[in-house]
S.K.: 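Have a look at this one before I ask anything.
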Amino acid sequence: MQLFPCPFCGPRSESEFHFGGDAGNHRPEGFRTVTDGEWTAYLYERNNPRGAANEIWMHMTCGEIFRMERDTVHHRVAQSFALGEGDGHDGMAY
Amino acid sequence: MTRHYSVFSLFKEGLRGQKGWQQAWRSPQPKPRYDILIIGGGGHGLATAYYLAKTHNIRNIAIIEKGWLGGGNTGRNTTVVRSNYFFPESTALYEMALKLYEGLGRDLNYNIMLSQRGIITLAHSEAEMEMAARTVNAMQINGTDAELFGIDDVRRVLPLLNVSPQARYPVFGGVWQGRAGTARHDAVAWGYARAADRLGVDIIQSCEVEDFLIEGGRCRGVRTSRGEIRAERTGMVVAGHSSDLATKAGFRLPITSYSLQACVSEPIKPVLDTVVLSPGTGPYASQSDKGEMVVGGALDRVPSYGQRGNLPVLEEVVSGLLEMFPSFRQLRLMRQWAGIVDVTPDSSPILGESPLPGLFLNCGWGTGGFKAIPAGGTLLAHLLATGKHHDVSRPFDLDRFSRGRLIDEAAGSGIAH
């Protein structure tokens with residue numbers, strides 16, 4: 001059992017968390033100007049990195065969505081952050 | 001030297017002290033140039049090379065593998081073969097695989113220990129029985145075998161199953177596919193490797209891809225830990241590591257890599273002669289020829305490249321198995337492991353040319369690649385030899401994501417992820 005750090009609740013069991021995708025995958029703006037390629041990239045294409053990952057997660061028990069930096073090979077968690085305004089990169093370190 | 005495997009060669013070698021057997025495949029040095037290069041020495045990669053040589057008569061081929069043959073998901077799956085999918089495109093694909101499996105032992109002159117013992121997917125409520133009837137109808141219309149089982153049929157094929165009305169997930173019936181079953185996973189890899197080697201294919205192990213050789217916007221081969229290898233066309237068949245190599249080739253894929261676990265118990269006498277899957281309790285199980293209970297379940301919910309698996313899912317799988325078969329509770333688990341599977345948004349594979357011309361993809365099989373090996377090999381071989389899609393692979397091209405033509409087997413056949 002791995003513990004993930006929720007920025008609001010502290011370390012909790014991995015089974016309380018839900019993976020939410022790549023951090024920084026913003027919905028393309030501009031209804032008519034967005035190309036098929038941009039929609040495909042947003043909806044389906046994933047970074048899926050081997051190693052350092054920067055991801056959005058949800059802590060289902062408190063309902064908060066946050067950003068977590070971890071390694072996908074050895075599963076070490078570097079840091080998790082509360083999402084700030086905008087892109088979520090100005091959040092607080094846990 | 002004895003090359004052909006048969007009861008006569010076994011007898012002959014028995015008399016000669018087993019000294020005349022030929023090595024199953026060579027370990028050649030990589031040549032600087034091939035017509036076609038295949039990255040990944042798992043089942044799909046080996047099958048691709050075999051069908052390129054056999055069907056398309058292209059012999060100047062190499063397979064490069066960073067580890068050892070069949071050391072990835074080919075050696076880590078639960079050996080189930082079946083074609084019980086919902087959409088016509090999927091049935092055409094998986095039925096092609098199952099039909100090839102049915103003749104594969106003879107074709108390869110290698111015993112893949114195919115055992116068509118049937119698979120039962122249980123239904124745990126009246127509503128699930130209606131969905132089971134829908135699945136059976138779809139499978140029959142799409143041309144594969146399927147039968148709707150009631151509770152008496154389930155009792156007949158699974159005498160040890162807990163079918164009590166008081167069970168946490170009471171059993172109402174299920175979907176039966178009688179031609180489904182199991183095949184020895186290592187034998188499939190080794191059989192294809194031996195047959196491909198005999199047709200002149202170079203199988204190069206311990207050879208890792210470091211980068212792609214891209215010239216004029218086209219893939220011209222790869223730089224490996226054992227030097228540059230050039231090829232007119234390259235096939236990438238690396239399952240859970242597809243995104244990692246795609247990054248080196250300069251594009252992203254609609255794939256997320258997860259651990260999928262399995263485990264085996266200590267061997268016991270025969271008690272289970274079919275494959276059983278319970279969407280309610282979670283696990284699926286079959287008994288190997290050695291007598292071990294081979295058990296698998298859902299994905300770990302954490303994207304991962306660590307071939308280990310986490311404890312919460314293992315706990316779910318084992319507790320679900322004991323819910324189904326209370327008599328297994330004294331069994332000891334012998335081994336547990338995980339493979340890294342390449343999951344797509346619609347739980348269907350990706351076959352076709354990649355965004356980098358000259359590089360072709362066979363990936364995205366997710367939790368179900370083993371059953372599809374003969375078809376995946378046939379179809380990628382067709383793509384590599386002709387540069388064009390086979391009718392069966394066309395719907396599975398990468399372009400289905402931008403065209404919105406998804407083949408959603410996650411919803412259609414209820415794949416558990």
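The chains referred to below are lettered A, B, ... by the order of the sequence lines, with proteins before strands, and numbering in each begins at 1. All figures in this text were calculated on a predicted structure; none of them were measured in a lab. Hydrogens, waters and symmetry mates play no part in the numbers below; they use all other heavy atoms, side chains included.
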S.K.: Look at A:Thr72, A:Asn47, A:Val73 and state which one has the largest set of heavy-atom pairs under 4.5 Å with chain B.
M.R.: A:Thr72

S.K.: Name the option with the most non-hydrogen atom pairs under 4.5 Å to chain B; the candidates are A:Asn48, A:Asp36, A:Thr40.
M.R.: A:Asn48

S.K.: Answer with side chain, backbone, both or neither: which region of A:Phe17 has an atom nearer than 4.5 Å to a non-hydrogen atom of chain B?
M.R.: neither

S.K.: With chain A as the partner, which of B:Pro303, B:Ser259, B:Ser402 has the greatest number of non-hydrogen pairs under 4.5 Å?
M.R.: B:Pro303

S.K.: Please check if any side-chain donor atom of B:Ser225 sits under 3.5 Å from a side-chain acceptor atom of B:Glu208, or the reverse.
M.R.: no

S.K.: Against chain A, label B:Leu253 side chain, backbone, both or neither, depending on which of its atoms sit under 4.5 Å from a heavy atom there.
M.R.: backbone

S.K.: May I ask you to check whether A:Phe66 and A:Trp57 place their ring centers less than 6.0 Å from one another?
M.R.: no

S.K.: Between A:Arg50, A:His18, A:His74, A:Glu55, which has the largest tally of heavy atom pairs under 4.5 Å with chain B?
M.R.: A:Arg50

S.K.: Do B:Asp397 and B:Arg405 meet the salt-bridge criterion of a basic N to acidic O distance under 4.0 Å?
M.R.: no

S.K.: So which part of B:Arg308 gets closer than 4.5 Å to some heavy atom of chain A, the side chain, the backbone, both or neither?
M.R.: side chain

S.K.: Please state whether the side chain, the backbone, both or neither of A:Asp71 comes within less than 4.5 Å of a heavy atom of chain B.
M.R.: neither

S.K.: For chain A, which of B:Thr247, B:Thr256, B:Leu314 has the most heavy-atom pairs under 4.5 Å?
M.R.: B:Thr256

S.K.: Against chain B, label A:Ala53 side chain, backbone, both or neither, depending on which of its atoms sit under 4.5 Å from a heavy atom there.
M.R.: neither

S.K.: Parallel, tilted or perpendicular: which describes the rings of B:Tyr85 and B:Tyr94, with under 30° parallel and over 60° perpendicular?
M.R.: parallel

S.K.: Any chance the rings of B:Tyr305 and B:His241 have centres within less than 6.0 Å?
M.R.: yes

S.K.: Taking everything shown except B:Arg168 itself, do over 12 heavy atoms lie less than 6.0 Å from its CZ?
M.R.: no

S.K.: By a 4.5 Å heavy-atom criterion (distance strictly below it), what part of A:Glu45 contacts chain B: side chain, backbone, both, or neither?
M.R.: both

S.K.: Side chains of A:Ser13 and A:Glu16: donor-acceptor distance under 3.5 Å anywhere?
M.R.: no

S.K.: For B:Asn310 and A:Gln2, which I'm curious about, is there any donor-acceptor pair between the side chains at under 3.5 Å?
M.R.: no

S.K.: With a 4.5 angstrom heavy-atom cut-off, is it the side chain or the backbone of B:Leu245 that approaches chain A, or both, or neither?
M.R.: neither

